[in-house]
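One structure is given here, and the rest of the page talks about it.
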Amino acid sequence: MPVARPESSHPRIIAHVDMDCFYVQVEQRKKPELRGLPSAVVQYNEWKGGGLIAVSYEARGFGVKRSMRGDEAKQVCPQIHLVQVPVARGKADLSTYRNAGSEVVSILARKGRCERASIDEVYLDLTDAAEAMLRENPPESLEAVHEEVLKSHVLGLANEDEIDKKENVKRWMCNSDADHRDKLLACGAIITAELRMQVLMETEFTCSAGVAHNKMLAKLASAMNKPAQQTVVPSSSVNGLLYSFPIKKMKQLGGKLGTSLQGDLGVNTVGDLLQFSEEKLQDLYGVKTGTWLWNIARGISGEEVQGRLLPKSHGSGKSFPGPRALKTAATVQHWLNQLCDELSERICRDLEENKRTAHTLTLHATAYGPSERDSHKKFPSKSCPLRYGTGKIQEDAFNLFQAGLREYLGSYGAKTQGSQHPERWAITGLSVSASKIMAIPSGTCSIMKYFGGEQRCDAPARQVEANFIQEAVPTSPSDSKNCTELECCERVELTDNYSDYIEDNKVPMEEDKNLSLLGHEVDSSTKEASQPHFPSESCSGKTKVSAQEFPSEDVRHQLSTARSKRKEQKNSALKDQGTILRFFKSNDQAQEPTRSQGDGSNSCNAIQNGGGRAAWSYKVDEIDESVIAELPEEIQAELESWIRPQKRANTVKRGGATTIAHYFSANQK
DNA sequence: ACGGGTAGGACG
DNA sequence: TCGTCCTAC
């Protein structure tokens with residue numbers, strides 16, 4: 001739901017960058033012969049040619065639309081090339097698109113705060129960069145403005161359609177009499193054009209962009225001229241732009257709220273909203289939404305660009321429409337296993353690449369069944385603490401499913417359980433997701449505080465284990481069987497360290513498994529999120545090309561050098577995947593997240609002997625995961641960052657010693 | 001019985 | 001908090 005935020009007084013320069021038919025471009029880069037042809041990306045072509053999820057602009061010219069079936073697209077455009085989405089584990093696999101999106105983000109993030117809004121959209125706060133440019137190298141002093149900048153659409157500029165358009169744009173960009181805000185916008189437009197060219201050279205992807213004073217307007221603008229163009233929104237143009245702008249096309253108003261505005265208030269354009277007082281809108285839609293509506297009608301939006309390059313959750317799901325609905329626990333389990341397998345791979349990759357761990361596993365399902373006839377009951381989502389390891393995730397997810405199913409079926413289900421007439425339920429959608437993703441805490445002080453007093457940090461490992469085990473009360477969703485089997489995520493690509501993977505035992509189907517399980521599954525942990533740790537920008541040897549050095553004759557050459565640069569980067573990225581040990585060594589310099597409970601500062605000091613470093617070792621495979629849940633929360637967060645990677649390190653040298661010594665600093669701040 | 005698969009955010 | 005609902009691409 002929209003929430004009103006005060007607009008900051010200081011003018012900001014915000015860009016919204018939107019990749020053009022992104023999935024198509026990704027496929028075209030893979031198969032360059034598709035460039036320039038009407039094409040579309042389709043998934044599941046079994047039924048009516050599959051569903052289109054991205055359509056090239058050439059194909060749009062023939063009337064092909066998203067959400068057509070492949071067959072329909074062929075009808076309106078027989079020569080269309082349909083490319084299939086990659087499939088893995090029997091489901092669509094979007095990872096190539098996600099990765100391609102990451103390429104783009106890493107380029108765009110160079111010039112300012114960057115928010116990855118979706119797989120193919122990014123917001124940028126270019127305020128600082130624009131101010132710097134205006135100070136040090138203002139457009140009015142430029143003798144030449146790059147073609148790409150001149151191709152900008154500047155809203156409100158007279159004679160948009162005229163032949164002298166570029167001349168007009170140049171005059172606007174370089175106008176020394178312009179409003180300060182417009183000068184900043186001009187700088188923003190130049191920076192944005194440069195970034196888009198950089199994206200094109202390094203990724204071969206085109207994008208469109210909007211440049212404005214806030215996110216809402218930037219987003220509106222980026223969609224106004226596509227593909228491969230950019231649109232600038234001077235303040236003076238805002239009212240005119242919004243006045244006739246269809247309300248339903250505003251972000252957040254494409255759904256029920258927009259429909260209500262139309263149906264209940266007769267508001268069809270943003271301008272129509274101006275007649276309503278803030279109080280009236282608040283009465284109708286609540287204080288927050290009312291204020292938000294009142295503001296957006298005036299082009300006001302104070303939302304900040306979140307500095308976030310990484311997703312906040314990972315999910316894997318699949319639908320099973322109509323006749324394909326899942327009707328037995330065995331098929332549900334099969335598909336859950338597939339989904340969990342993918343999810344596990346993705347969170348493990350996140351851990352390796354970004355040093356982040358997910359802490360909550362959630363299962364969603366959609367179902368129809370006996371209870372749906374009378375009541376429109378929904379299958380409840382369920383969540384539990386996330387344990388790393390594919391087998392564990394699969395096991396936990398299936399337990400969550402069973403818990404949800406019992407609830408869904410209600411008392412009716414309990415009665416007929418185990419009878420010869422199974423429930424007539426059917427699952428039409430399944431998804432699992434991993435959320436509460438936090439950067440691995442890099443300090444160790446809270447562990448020391450926990451053991452402080454009774455436990456010296458360099459005490460023998462045995463005693464540490466004893467402490468763990470004494471206080472252990474298993475609470476994990478599954479009975480914590482002795483986890484001596486070490487789990488590691490599958491990472492075929494990274495052959496150096498993480499390739500070992502030991503599959504969990506398959507979870508046997510137990511219809512009547514532990515009804516009270518769910519009560520224990522709920523994770524009451526309230527861990528304070530630590531600062532996300534962004535992947536280091538390993539942009540070695542990027543082609544640096546200024547706007548003026550970008551004549552079209554050079555594009556071909558630059559693209560090819562950029563292409564080989566990319567490959568170099570990939571290789572060096574692989575090499576850069578350090579060993580676990582190296583990871584810890586590099587991390588122990590980092591900062592300790594803040595925490596509240598005190599008194600243990602002396603114990604911290606106590607271990608700061610030997611130049612602030614101490615060695616600590618223990619036998620990893622003798623610590624049961626379930627004990628961790630019983631530790632104080634701030635300890636849990638910290639411990640998990642140690643134990644999990646440690647187990648993984650252990651598998652690397654499987655058969656060898658199981659004791660690993662870690663070195664860490666006790667410095668805190 | 002469908003755009004499918006993902007994401008993010010607000011609310012109670 | 002968790003679970004639900006809404007929205008968007």
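Labels below follow one simple rule: chain letters A, B, ... track the order of the sequence lines, proteins then strands, and each chain is numbered from 1.
The ring of Tyr44(A) does not lie on top of the base of dG3(B); it is either too far (5.5 Å or more) or too tilted (30° or more).
Minimum atom distance to the side chain of His364(A) is reached by dT4(C), of the listed dT4(C), dG8(B), dG3(B). Checked against dG5(B), dG3(C), dC11(B), the side chain of Lys318(A) finds its nearest nucleotide in dG5(B). Of the candidates dG3(B), dA1(B), dG8(B), dA1(B) carries the atom nearest the Tyr368(A) side chain, counting heavy atoms from C-beta on. Out of dT4(C), dC9(C), dC2(C), the shortest distance to the side chain of Ser383(A) is found at dC2(C). When distances are taken from the side chain of Leu94(A) to each of dC9(C), dG3(C), dT6(B), the shortest belongs to dT6(B). Listed nucleotides: dA7(B), dG8(B), dG3(B). Nearest to the side chain of Ile53(A): dG3(B). Here dA8(C) is the nucleotide among dG8(B), dA8(C), dT6(B) with the atom lying nearest to any side-chain atom of Lys251(A).
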Criterion side-chain hydrogen bond (donor to acceptor under 3.5 Å, both in side chains) on Ser344(A) and Thr390(A), from CA distance to verdict: CA-CA 5 Å; Ser344(A) 179; Thr390(A) 304; 2.9 Å; yes
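Side-chain contact between Trp425(A) and Leu409(A): present, with at least one pair of heavy atoms (C-beta onward) separated by less than 4.5 Å.
Note on Glu72(A): nothing from the nucleic acid sits closer than 4.0 angstrom, heavy atoms only. Across all strands shown, Arg116(A) has no heavy atoms under 4.0 Å from either base or sugar-phosphate atoms. Residue-level contact check: Ser433(A) touches neither bases nor backbone, having no heavy atom under 4.0 Å from any strand. If you check every strand for non-hydrogen atoms under 4.0 Å, Arg66(A) touches a base. Among the protein residues, Ser313(A) comes within range of the sugar-phosphate backbone only, with heavy atoms under 4.0 Å from sugar or phosphate atoms but none that close to a base. Lys219(A) comes within 4.0 angstrom of sugar-phosphate atoms only, judged by non-hydrogen atoms across all strands, and of no base. Counting non-hydrogen atoms under 4.0 angstrom, Met19(A) reaches nothing in the nucleic acid.
As rounded to the nearest Å, dA1(B) and dC9(C) have C1' atoms that lie 23 Å from one another.
Distances shown here put every side-chain N or O of Thr362(A) at or beyond 4.0 Å from the OP1 or OP2 atom of dC2(C). For dC6(C), one of the phosphate oxygens OP1 or OP2 lies less than 4.0 angstrom from a side-chain nitrogen or oxygen of Lys256(A). Remark: Ser381(A) is not in phosphate contact with dG3(C), judged by side-chain N or O atoms under 4.0 Å from OP1 or OP2. The phosphate of dG3(B) (OP1 or OP2) has no side-chain N or O of Lys48(A) nearer than 4.0 angstrom. Residue Arg98(A) has no polar side-chain atom (N or O) positioned under 4.0 Å from OP1 or OP2 of dG5(B). OP1 or OP2 of dG3(C) has not a single side-chain nitrogen or oxygen of Lys378(A) nearer than 4.0 Å.
What separates NZ of Lys288(A) from P of dA10(B) is a distance of 7 Å, to the nearest Å. Rounded to an integer number of Å, the gap from NZ of Lys249(A) to C1' of dT7(C) is 17 Å. When rounded to the nearest whole Å, the span between OH of Tyr97(A) and C1' of dC9(C) equals 14 Å. The distance between atom CG of Asp18(A) and atom C1' of dC9(C), rounded to the nearest whole Å, is 9 Å. What separates OH of Tyr123(A) from C1' of dG9(B) is a distance of 13 Å, to the nearest Å. Computed from coordinates, the Gln252(A) CD to dG9(B) C1' distance equals 8 Å when rounded to whole Å.
For the pair Lys318(A) and Trp335(A), the cation-pi criterion (under 6.0 Å, within 45° of the ring axis) is fulfilled.
Ring pair Phe401(A)/Phe379(A) is parallel by interplanar angle, where below 30° counts as parallel and above 60° as perpendicular.
Of the possible polar contacts, one joining the Arg308(A) side chain to the Leu310(A) backbone as a donor-acceptor pair under 3.5 Å is found.
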Expected list for residues 51-61 of chain A: side-chain donor-acceptor pairs under 3.5 angstrom, two or more places apart:
unit_1	atom_1	unit_2	atom_2	d
Ser56(A)	OG	Leu37(A)	O	3.4
Ser56(A)	OG	Ser39(A)	N	3.0
Ser56(A)	OG	Ser39(A)	O	3.2
Ser56(A)	OG	Glu58(A)	OE1	3.2
Ser56(A)	OG	Ala59(A)	N	3.2
Arg60(A)	NE	Val55(A)	O	3.0
Arg60(A)	NH2	Val55(A)	O	3.2

